[in-house]
Amino acid sequence: MLNFELRGVDVTLHAVQQDASPKIASVDYELIIDTDEPEQRLALLHINVRKYGTMSNTVAKATRLDGTIRMKA
């Protein structure tokens with residue numbers, strides 16, 4: 001859809017569990033993309049992941065989902 005060129009992706013997740021009435025209270029993520037694409041395209045990728053991604057949409061309906069995206073150093 002975006003023709004985004006990348007060599008790899010690292011994903012870091014941190015979830016907070018609520019004990020009383022057990023559930024996942026929140027999930028924070030960081031996407032680290034190995035790419036030569038410009039920052040503007042990286043930001044567009046993040047928007048599309050949040051808007052159209054099956055996993056992100058599913059999790060966001062169940063709990064608070066926040067995250068960032070950045071290029072691999």
Side-chain angles (χ1 to χ4, degrees):
M1 183 180 220
L2 291 177
N3 294 322
F4 193 91
E5 297 288 328
L6 60 95
R7 290 176 289 278
V9 178
D10 293 321
V11 179
T12 303
L13 297 172
H14 178 260
V16 176
Q17 179 183 344
Q18 175 182 300
D19 289 330
S21 179
K23 68 176 187 176
I24 300 297
S26 65
V27 176
D28 295 303
Y29 65 87
E30 180 181 37
L31 303 174
I32 304 168
I33 312 295
D34 187 4
T35 185
D36 293 324
E37 296 278 356
E39 288 287 338
Q40 181 181 7
R41 299 257 306 144
L42 193 64
L44 181 60
L45 176 65
H46 195 208
I47 289 168
N48 279 280
V49 165
R50 288 301 304 257
K51 190 172 184 178
Y52 302 111
T54 302
M55 290 303 296
S56 59
N57 282 324
T58 302
V59 172
K61 287 180 182 178
T63 191
R64 183 186 60 79
L65 178 65
D66 287 315
T68 59
I69 190 169
R70 68 177 175 89
M71 278 191 210
K72 187 173 185 173

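Here the structure is a predicted model, which is why all the values come from computation and not from measurement.
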Item to check | Pairwise distance CG(L6) to CD(E37) - rounded to 0.5 angstrom | outcome: 8.5 Å

Checklist outcome for this item: Nearest heavy-atom contact between A15 and V27 is CB-CG2, 4.2 Å

Item to check | Distance in Å, R70 CZ paired with H46 NE2, rounded so as to fall on 0.5 Å steps | outcome: 13.0 Å

Checklist entry - Heavy atoms, side chains only, cut-off 4.5 Å: are V49 and M55 in contact? => result no

Next on the checklist: To the closest 0.5 Å, what do you measure between CZ (R41) and CG (N48)?
Outcome noted: 9.5 Å

Item to check | Spacing of R7 atom CZ and D36 atom CG [to the nearest 0.5 Å] | outcome: 4.0 Å

Checklist entry - Do N57 side-chain atoms and K51 backbone N/O form a donor-acceptor pair below 3.5 Å? => result yes

Checklist entry - Given the rule in the side-chain contact (heavy atoms from CB on, under 4.5 Å) test, do K72 and D10 qualify, once you have shown the distances and angles that lead to the verdict? => result CA-CA 9 Å; K72 187 173 185 173; D10 293 321; 4.3 Å; yes

Item to check | Linked, directly or transitively: L65 and L13 (ILVMFWY side chains, under 4.5 Å) | outcome: yes

Checklist entry - Is there a chain of hydrophobic side chains (I, L, V, M, F, W, Y, each step under 4.5 Å between heavy atoms) that links Y52 to L42? => result no

Next on the checklist: Among I32, L45, V9, exactly one meets side chain to side chain contact (heavy atoms under 4.5 Å, CB included) together with I69. Which residue is that?
Outcome noted: L45

Checklist entry - Atom NE2 of H14 and atom OG of S26: how far apart are they, to the nearest 0.5 Å? => result 7.5 Å

Checklist entry - Rounded to the nearest 0.5 Å, how far does CG of D28 lie from CZ of R64? => result 4.5 Å

Next on the checklist: For residues V16 and V59: do they belong to one hydrophobic cluster (side chain heavy atoms under 4.5 Å, members Ile, Leu, Val, Met, Phe, Trp, Tyr)?
Outcome noted: no

Next on the checklist: For a quick test of reading the model, state the closest non-hydrogen atom pair linking R50 to A60 and the distance between them.
Outcome noted: NH2-CB, 4.4 Å

